[in-house]
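Working notes for the structure below.
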Amino acid sequence: MATRRSKRNAVVEVEKLEMTPVDLEAAVRRSSRSALAPKRLSYSPGNPTPQKKKKTNTVEDKNGQNNVKKEEEDEDDSSDVEQTSGGYGGLSQYELERLENIRKNQEFLTSINLLQATEELKQLTRPKPSQRGLMRSQAAVKEVLPARKSLRLQNKEAEDLTLPPEPRANLVYDQFTRLKKPPGSLPMDPLNTEEGSKLPSQLLELCSEDLKEEKMDPSLKGYQSALKKMRITEDQVAKVVKDRIFSAAFHPCTSSLLMAAGDKWGKVGLWKMGGGWDDDGVLLFEPHTRPVGCMAFSRAHPTHLLSLSYDGSLRCMDVEKAVFDDVYDIDDGLKTFDFLSHDCSTLVVGNWYGEVAIVDRRTPGNSHESLHSLDPKIVRCVNVHPLQKQYFAVAESHVVSIYDSRCLKKTKSQAVSQLYGHSKSISSAYFSPHTGNRVLTTCLDDHIRIYDTSEVTSKCPLMKSIRHDMQTGRWLSKLSAVWDPKREDCFVVGSMGRPRRMQVFNENGQLQHSFMDAENLTTVLSVTAFHPTRNALLGGNASGRLHVFSD
DNA sequence: ACTGAATGGCTCC
DNA sequence: TGGAGCCCCTTCAG
């Protein structure tokens, strides 16, 4: 028997027709395994169970408690497979046996095993990504980028560098010379519809509908069973932006699910699940030119979507006026924002340089914001206390500081309280949605932590620390654990584990549910968010696709 | 079918 | 303080 099956096609080799059904079953299992992990040792006839190396995903193992389901394919169950030793008598006898074996095997294949093998193959072949969303009109949206090949490789003389062409509004530039969008309002012209076409009227209707709150079972058990009922189907995945998703949000409307996502090149996509207009209900805009690091619909004015970009601009999409208005603007390095006041007219905005600005939207332009330098020169996330609005948490490099917005100084503002225990950089810190009695942090030291902040001004103890793989590497957005806004005690986080999943935990670190789907969830969903009132959960991936689980 | 490149971002020195 | 080293994940173009 061939010792090494390099490829999955090996499964249906003709030679297997001569094996006994038991052999065949084992061979199928083996070859499917080798397709999963091609470098694994092959079996030798004399030693049917070579080093039973429990090589599950190391990442999984690190996660330990986070596992819901161990991967069965590594449970080696073929150890007792009998090896048929030659032992055939005369040739005619052999021929008879051979024919009989072939007949049996064909019977066997047509019964369970072939079905099983094709099932396994289906699992191994990566499903084609969803073709919904920005696919059909891709040609219209397509940016024509010059081929990038160095002059040296082309054996050409170096050219004098020339300045990029003068910027014109809404023109897409080469990624390497692109400039910021011009200041002032930008028209809300979708990139994926015909030029001059108006926004679909449904969009404004949805954005301005009366907000309803569904009655939810407050018990953890009831919540858990609600999560288990949530499903994802083919039409709940769509390409909403062109590139990797950096931020996403649910619109609070309930009659349909409306979402926004921001990508690496400053695009903002809106998606009404279930269609309604072209591209399966997707509208694509470009209010920024660099990653859209943070976005949120205004709670006070649901026709407003605020989006912030590394390019230094913070804009407000206004569906009524069909424009992207300027809210705040610096040269570059905006990182995070949150609403400060209940009416969403004031904001706290953080940048890469350790500065926090209080922005009042009622006074246009940059003149009325005040800039405060916090001590560590890094701000990755700001989040305002849901009740005591003067307090906001700042994820600094290795510590979360809680500041009082009334007591900020030009430099080195004193924190009201600090949360310690992080050994690497902190990606996010959020107050629990209803009381603010907890702060949820995500840290690159592979831990999600929950602090007790019921007494903001005194020492806030660490309540729970949950191990979770945060090593997303270069090409994925970082993970962030985010609260379910419908509850005080549960949050969702993406995962590196396979099969791909989103996980919901409670504040005690107990896994409530893992959202998985072999067909429709096949990539890492770094950006996650729960709907504010409905049982719906979104996850955004590195190719600009949003995935929705809902009931 | 396969390969290489991708302008992110943190940590360490 | 700034640059090298690293993470090892996904996607797309060639």
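Residue numbers start from 1 in every chain, and the chains themselves are labelled A, B, ... in the order their sequence lines are given, proteins ahead of strands.
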Quick check on dC12(C): is either OP1 or OP2 less than 4.0 Å from any side-chain nitrogen or oxygen of R244(A)? no
Here the distance between atom P of dC8(C) and atom CG of D469(A), to the nearest Å, is 7 Å
Where the side chain of N541(A) is concerned, which of dT10(C), dT11(C), dG9(B) is the nearest nucleotide? dT11(C)
Within this structure, what is the CG-to-P distance between D446(A) and dC10(B), rounded to whole angstrom? 15 Å
Check whether any side-chain N or O of H422(A) sits under 3.5 Å from a backbone N or O of R449(A) as a donor-acceptor pair, and report yes or no. no
Q471(A) CD to dG9(B) P, straight-line distance once rounded to whole Å: 15 Å
Please state the C1' separation for the pair dG3(C) and dT7(B) - nearest whole angstrom. 16 Å
Going by side-chain contact (heavy atoms from CB on, under 4.5 Å), name the residues that satisfy it together with S130(A), two or more places apart in sequence or in a different chain. R132(A), V237(A), R545(A)
Please confirm whether the shortest side-chain N or O distance from K478(A) to OP1 or OP2 of dC7(C) is below 4.0 Å. no
List in chain and number order the residues that pass salt bridge (Lys or Arg N to Asp or Glu O under 4.0 Å) with K412(A), two or more places apart in sequence or in another chain; answer none if no residue qualifies. D375(A)
Taking atom P of dT10(C) as reference, at what distance in whole Å does atom CG of L525(A) sit? 11 Å
In whole angstroms, how far is the C1' atom of dT11(C) from the CD1 atom of I245(A)? 13 Å
Could you list the residues that satisfy side-chain hydrogen bond (donor to acceptor under 3.5 Å, both in side chains) with H547(A), not counting sequence neighbours? none
Tell me, which pairs form a salt bridge (charged side-chain N to carboxylate O under 4.0 Å, His left out) where one or both residues lie in residues 306-317 of chain A, sequence neighbours left out? R315(A)-D326(A)
Going 5' to 3' along nucleotides 1-6 of chain C, which nucleotides have protein heavy atoms under 4.0 Å from the base (write B), which only from the sugar-phosphate (write S), and which from neither (write -)? ------
K264(A) vs dG9(B): side-chain N/O to OP1/OP2 distance below 4.0 Å: no
Look at the side-chain N and O atoms of S543(A) and state whether any lies under 4.0 Å from the OP1 or OP2 oxygen of dT11(C). yes
Between D446(A) and Q471(A), does the side chain to side chain donor-acceptor pair (under 3.5 Å) criterion hold? Intermediate values first, please. CA-CA 8 Å; D446(A) 288 337; Q471(A) 308 309 308; 2.8 Å; yes
Ring-base stacking, W475(A) with dA6(B) (5.5 Å, 30° cut-offs): yes
Atom pairs under 3.5 Å: protein N/O with N/O of nucleotides 11-13 of chain B:
from	atom 1	to	atom 2	distance (Å)
dT11(B)	OP1	S425(A)	N	2.4

Pair K180(A)-D329(A), salt bridge (Lys or Arg N to Asp or Glu O under 4.0 Å): steps then yes or no: CA-CA 10 Å; K180(A) 271 176 79 163; D329(A) 194 272; 3.0 Å; yes
For the side chain of T523(A), counting heavy atoms from C-beta on, which of dC12(C), dG8(B), dT11(C) is nearest? dT11(C)
Is any side-chain N or O of Y310(A) closer than 4.0 Å to OP1 or OP2 of dG9(B)? yes
note: D243(A), atom CG; dC12(C), atom P; distance rounded to Å ~ 8 Å
P291(A): partners by side-chain contact (heavy atoms from CB on, under 4.5 Å), with sequence neighbours left out: F246(A), K264(A), Y310(A)
Provide, to the nearest angstrom, the distance between the CG atom belonging to L476(A) and the P atom belonging to dC10(B). 15 Å
Under the rule for salt bridge (Lys or Arg N to Asp or Glu O under 4.0 Å), what residues qualify as partners of D338(A), not counting sequence neighbours? none
Length of the line joining D263(A):CG and dA6(B):C1', which is rounded to integer Å: 14 Å
Does D235(A) have any salt bridge (Lys or Arg N to Asp or Glu O under 4.0 Å) partners at least two apart in sequence or in another chain, and if so, which? none
